[in-house]
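Here the structure is a predicted model, which means the values were calculated and not measured.
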Amino acid sequence: MDVAIVFLPLLAAIIAGCFGRLIGDRASQFVTTGALLISAVLAAIVFVDVALDGNARTTELFTWFKSGEFTLSWAIRIDTLTAVMLVVVTGVSSMVHVYSIGYMAEDKSIPRFMAYLSLFTFFMLALVTADNFMQLFFGWEGVGLSSYLLIGFWYDRPSANAAAIKAFLVNRVGDFGFALGIMGVFFVFRSVDFNTVFGAAPSMVGTTINFLGMKVDTLTTLCLLLFVGAMGKSAQLGLHTWLPDAMEGPTPVSALIHAATMVTAGVFMVCRLSPMFELAPTALAVVTIVGASTAIFAATVGLCQNDIKRVIAYSTCSQLGYMFFAAGVSAYGAAMFHLFTHAFFKALLFLGSGSVIHAMHHEQDMRKMGGIWKLIPITYALMWIGSLALAGIGIPGLFGFAGFYSKDMILESAWAAHSPVGQYAFWLGIAAALLTAFYSWRLLIMTFHGEPRADHHTMEHVHESPWVMLVPLFVLALGAVFGGILFFDLFVGHHMGEFWRNSLLVLDGHNTIEAAHEGPSWVGILPLVMGLIGIAIAYVFYMLVPGLPAALVRHVGALYRFLYNKWYFDELYDWLFVRPARWLGYEFWKQGDGALIDGLGPDGVSSLTRDLARRAGRLQTGYVYHYAFVMLIGVVLFITWYLFVQAR
C-alpha cells in the first residue's frame with residue numbers, strides 16, 4: 001500500500017507522457033486522475049493506520065547505491081508526519097487533477113499537462129516519504145524540476161518562459177545551501193540516514209567545525225545551511241521573488257504549488273529535522289525572524305496587487321511565514337496543523353479564482369471585474385468560505401473555519417515562547433492577520449461586487465464553471481470548514497503527544513503549544529478582532545466609500561508605489577546580480593571570446609590565410625613580361641646567394 005501511494009502517480013505520468021498521443025486526451029486524464037484518486041484513498045487508510053493506530057513503519061525497497069563502506073537504501077518512511085503529508089499531497093493533487101479536466105479542456109497539450117501534474121505529485125511523495133537526506137534531496141530537486149516544467153507549460157509565451165527560468169534559478173540559490181548542508185551532515189556524522197543522524201545529534205551540541213575559515217557551532221551551521229534550502233522552496237523573504245511570477249502557469253499549477261507540493265516542502269523539512277533544530281537555538285531564532293518578517297512583508301504587498309492570482313500568491317507567502325515562525329518557537333505541531341488546513345483553503349481560493357478567470361474569458365485583473373456574484377453564485381459562495389478560513393474567522397468556544405484554529409494556535413505559541421523573537425513574531429503575526437483579512441475582502445469586493453467594469457461582450461458570456469470544476473471546490477471547502485475543528489485536538493490539543501509520537505521532537509521546556517493553552521484569553525481573541533477590523537476596513541474602502549482608496553494613494557503615493565512594486569526586491573536584484581552578470585557575460589563574449597580567442601585563434605588564422613592568398617593572387621596578372629621579370633629577379637637572387645656561400 002505504501003509503495004502504491006508513492007509510485008502510482010509516477011506510473012500514470014509515464015503512461016500519459018509517453019503514450020499520450022496514442023491513447024488520447026480523455027484516456028490520459030482518466031489514467032492520471034484515477035491514479036491520484038486511488039493514492040488519496042490509500043493515503044487516508046494509511047493515515048488511520050499510522051497516525052491514529054500508531055503503526056509507524058519503514059519499508060526498505062532496494063539498495064540505491066553503494067560506494068565503498070557507504071551504502072544507501074531507498075526506503076519509505078511512514079510515521080505521523082509523513083501520513084499527514086500524504087493526505088495533504090494526494091488529497092489536494094487529486095482534486096487539482098479532476099479540476100484540470102474542465103479547466104484545460106481546450107488546451108492542445110492535455111496529456112503533457114496531466115503527466116507533469118502527476119510527476120510533480122510523485123516527486124513530492126518521494127520527498128515526504130524519504131528515510132535519508134539523499135532521498136529527500138531527490139524529491140527536493142524533482143519538485144523544482146516539475147515546477148519549472150509546469151510554470152513554463154505555455155512555452156510559446158515569453159513571460160511564462162521567463163517565470164520558469166526565474167523560479168529555477170532562485171531555487172538553485174537555496175538548493176546550493178541545502179546541498180552544502182547535506183554535505184556537512186555527512187562530513188560530521190559520516191551518514192545521511194535520518195535515524196543515525198538524529199541519534200548522534202545530541203553528542204554534537206557545543207562542538208565546532210571549520211567553515212569558511214571560521215570556527216562555528218556545528219549544529220547551528222548545519223541547520224542554517226539546510227534552512228537556506230527551505231527559504232528557496234518555501235519562498236521566504238529574500239528568496240521569495242519567484243513565487244508571484246509562478247502565476248504565469250495554468251491556475252491548477254498555482255493551486256498545486258501553493259497548497260500541497262513545492263512551497264510546503266521547506267516547512268516539512270524543518271519539522272522532519274526537529275531533532276537537529278531543537279539542539280540549535282540560534283538557528284531556531286533565525287527561522288522565527290525570517291518567518292515573521294516574511295509574513296508581514298507578503299501581507300503588505302498583497303494589499304496593492306490587482307491580479308487576482310498574485311493576491312492569493314502573496315497570501316501563500318505570508319502564511320508560509322506563519323508556519324516557519326511556528327517551527328522557530330518549537331511549535332512544530334502548530335506549523336503542521338496550519339500547513340494541513342492551509343492546503344485546503346488555499347487550493348480552494350486558487351481553484352475558485354480559476355473559476356472566476358474561466359468565467360471572465362481569462363481576465364485576471366480585478367479592476368476589470370465586478371458585479372458578477374449573481375452570475376456565478378456557487379463560485380462566489382466557495383470563495384467566501386476560503387476567505388473566511390484564510391482570515392481565521394470563527395466564534396470562540398463554538399465554531400470556526402479552519403484558519404481560526406491553526407493560525408491562532410501559531411500566534412498563541414509565539415506569545416507563549418516568552419522570548420524576544422517570540423514577541424517579534426507574535427506582534428508581526430497580529431499585524432499580518434489584519435492585513436490578511438483586508439486584502440481577502442478587497443479581493444472579494446473588487447471581483448464580485450460593485451458595477452461591472454468588464455466590457456459588454458465579456459459580461460454577456462459570464463457563466464458558472466462546469467461541475468467537473470466545481471465538485472473539487474466543494475471537497476476542498478469541506479476541509480476549509482471542518483479541517484480545523486475536527487483535527488485540533490490531534491494536532492495541537494490534549495492528544496498531540498499520542499498523535500505525533502516520535503515523528504516530532506520537542507525538548508523539555510520548549511513545548512510552547514502546551515504553554516499556549518494556559519495563556520491569557522486576550523491573546524487568543526486578538527487575532528479574531530484584528531481579522532474583523534480588517535474586513536470592516538475593506539468594506540469601508542471598497543463598498544461604502546469607493547473613492548477612498550484613490551484619495552489615500554494620492555496622499556501616500558510613495559508608500560503605495562513601494563508596496564505595489566514589492567519593496568523593489570526585483571529591481572534591487574536586477575541591479576545587484578542581473579545587470580553585472582549580463583555585463584560580465586557581454587564582455588567575455590565580445591572581448592574574451594570574440595577579440596582574444598577568436599581573434600588570435602580561428603578567425604585570426606583564417607583572416608591571415610585569406611590575406612596572404614589575396615596578395616599572392618595579385619601576382620597572377622597574365623602578362624608574359626611580368627613573369628619574365630619575376631624569373632629574372634629569381635635568377636639574380638639565386639646567383640647572389642651562390643656567390644655569397646662560395647665567398648665564405
* Asked: Looking only at heavy atoms, which two atoms of A43 and V87 are closest? And how far apart?
  -> O-CG2, 3.8 Å

* Is there a donor-acceptor contact under 3.5 Å from the side chain of W242 to the main chain of G232? -> yes

* To do: Return the set of residues passing side chain to side chain contact (heavy atoms under 4.5 Å, CB included) with V46 (not counting sequence neighbours), or none when no residue passes.
  => M1, D2, I5, V50, R57, I78, L86

* Is the F325 to Y322 ring centre distance short of 6.0 Å? -> yes

* Kindly say whether L504 contributes a backbone atom to a donor-acceptor pair with the side chain of S274 at under 3.5 angstrom? => no

* Just by modelled atom types, is the F491 backbone N or O under 3.5 Å from a matching donor or acceptor in the W500 side chain? -> yes

* Smallest separation among heavy atoms of K407 and L390, with atom names -> NZ-O, 3.1 Å

* Structure fact -> Scanning both residues in full, the closest heavy-atom pair of T129 with Q135 reads O-NE2, 3.8 Å

* To do: Please state whether the rings of H342 and H338 are parallel, tilted or perpendicular, taking 30° and 60° as the class boundaries.
  => tilted

* Asked: Do S234 side-chain atoms and G266 backbone N/O form a donor-acceptor pair below 3.5 Å?
  -> yes

* **Whether H517 side chain and V492 backbone form a donor-acceptor pair below 3.5 Å** => yes

* State, without any angle test, whether Y424 and S293 hold a side-chain donor-acceptor pair at a distance under 3.5 Å. => yes

* To do: Would you mind reporting whether L119 and P9 have side-chain heavy atoms less than 4.5 Å apart?
  => no

* Asked: Is the distance between the ring centroids of Y405 and F337 under 6.0 Å?
  -> no

* Asked: Strictly by modelled atom types, are S353 and K309 linked by a side-chain donor-acceptor pair under 3.5 Å?
  -> no

* **Side chain S355, main chain L351, donor-acceptor under 3.5 Å** => no

* Between the main-chain N or O of R77 and the side-chain N or O of T82, is there a donor-acceptor pair closer than 3.5 Å? -> yes

* Side-chain contact, heavy-atom cut-off 4.5 Å: L256 with Y116? -> no

* Asked: Do the side chains of Q29 and F113 get nearer than 4.5 Å, heavy atoms only?
  -> no

* Asked: With a cut-off of 6.0 Å (strictly less than), are more than 12 heavy atoms of other residues, nucleotides or ligands near CD of E464?
  -> yes

* Indicate the atoms forming the closest heavy-atom contact of G144 with S147, along with that distance. => O-OG, 2.7 Å

* Donor-acceptor under 3.5 Å (T512 side chain, V329 main chain) -> yes

* For residues N502 and D79, determine if any side-chain heavy atom of one lies less than 4.5 Å from a side-chain heavy atom of the other. => no

* How far does CG of L320 sit from CG of L243, to the nearest 0.5 angstrom? -> 7.5 Å

* Between Y380, Y542, W441, Y539, which is the residue that forms a side chain to side chain donor-acceptor pair (under 3.5 Å) with H449? -> Y380

* Asked: More than 12 heavy atoms of other residues, nucleotides or ligands under 6.0 Å from CZ of F30: is that the case?
  -> no

* Structure fact -> One should read off an interatomic distance between T341 OG1 and I485 CD1, to the nearest 0.5 angstrom, of 13.5 Å

* **CZ on F399 to CD1 on I393, rounded to 0.5 Å** => 12.0 Å

* Verify whether the ring centers belonging to H240 and F297 lie closer than 6.0 Å. => yes

* Separation of Q305 CD from R310 CZ (nearest 0.5 Å) -> 7.0 Å

* Asked: Do H258 and S315 get their side chains close enough for a donor-acceptor pair, meaning under 3.5 Å?
  -> no

* Please check if the side chain of T294 supplies one atom and the backbone of V290 the other of a donor-acceptor pair under 3.5 Å. => yes

* If every non-hydrogen atom of A35 is compared with every non-hydrogen atom of A12, which pair is closest and at what distance? -> CB-CB, 3.7 Å

* At their closest point, which heavy atom of P250 faces which heavy atom of M104, and how far apart are they? -> CB-SD, 3.9 Å

* Compare all side-chain heavy atoms of T447 with those of M383 and state whether any distance is below 4.5 angstrom. => no

* How far does CG of L382 sit from CG of L473, to the nearest 0.5 angstrom? -> 5.5 Å

* Within a strict 4.5 Å, meaning less than it, do heavy atoms of the F122 and V6 side chains meet? -> yes

* Asked: Just by modelled atom types, is the A167 backbone N or O under 3.5 Å from a matching donor or acceptor in the N171 side chain?
  -> yes

* **is_close_aromatic(F227, F324), centroid dist under 6.0 Å** => yes

* Would you mind reporting whether S118 and L36 have side-chain heavy atoms less than 4.5 Å apart? => yes

* Asked: Just how far is it from atom CG of L434 to atom CD1 of I537, taken to the nearest 0.5 Å?
  -> 5.0 Å

* **Check: R272 and L81 side chains under 4.5 Å, non-hydrogen atoms** => yes

* Any donor-acceptor N or O pair under 3.5 Å, side chains H97, T33 -> no

* Asked: Do F487 and F482 have ring centroids that are under 6.0 Å from one another?
  -> no

* **Sub-6.0 Å ring centroid separation between W522 and W415** => yes

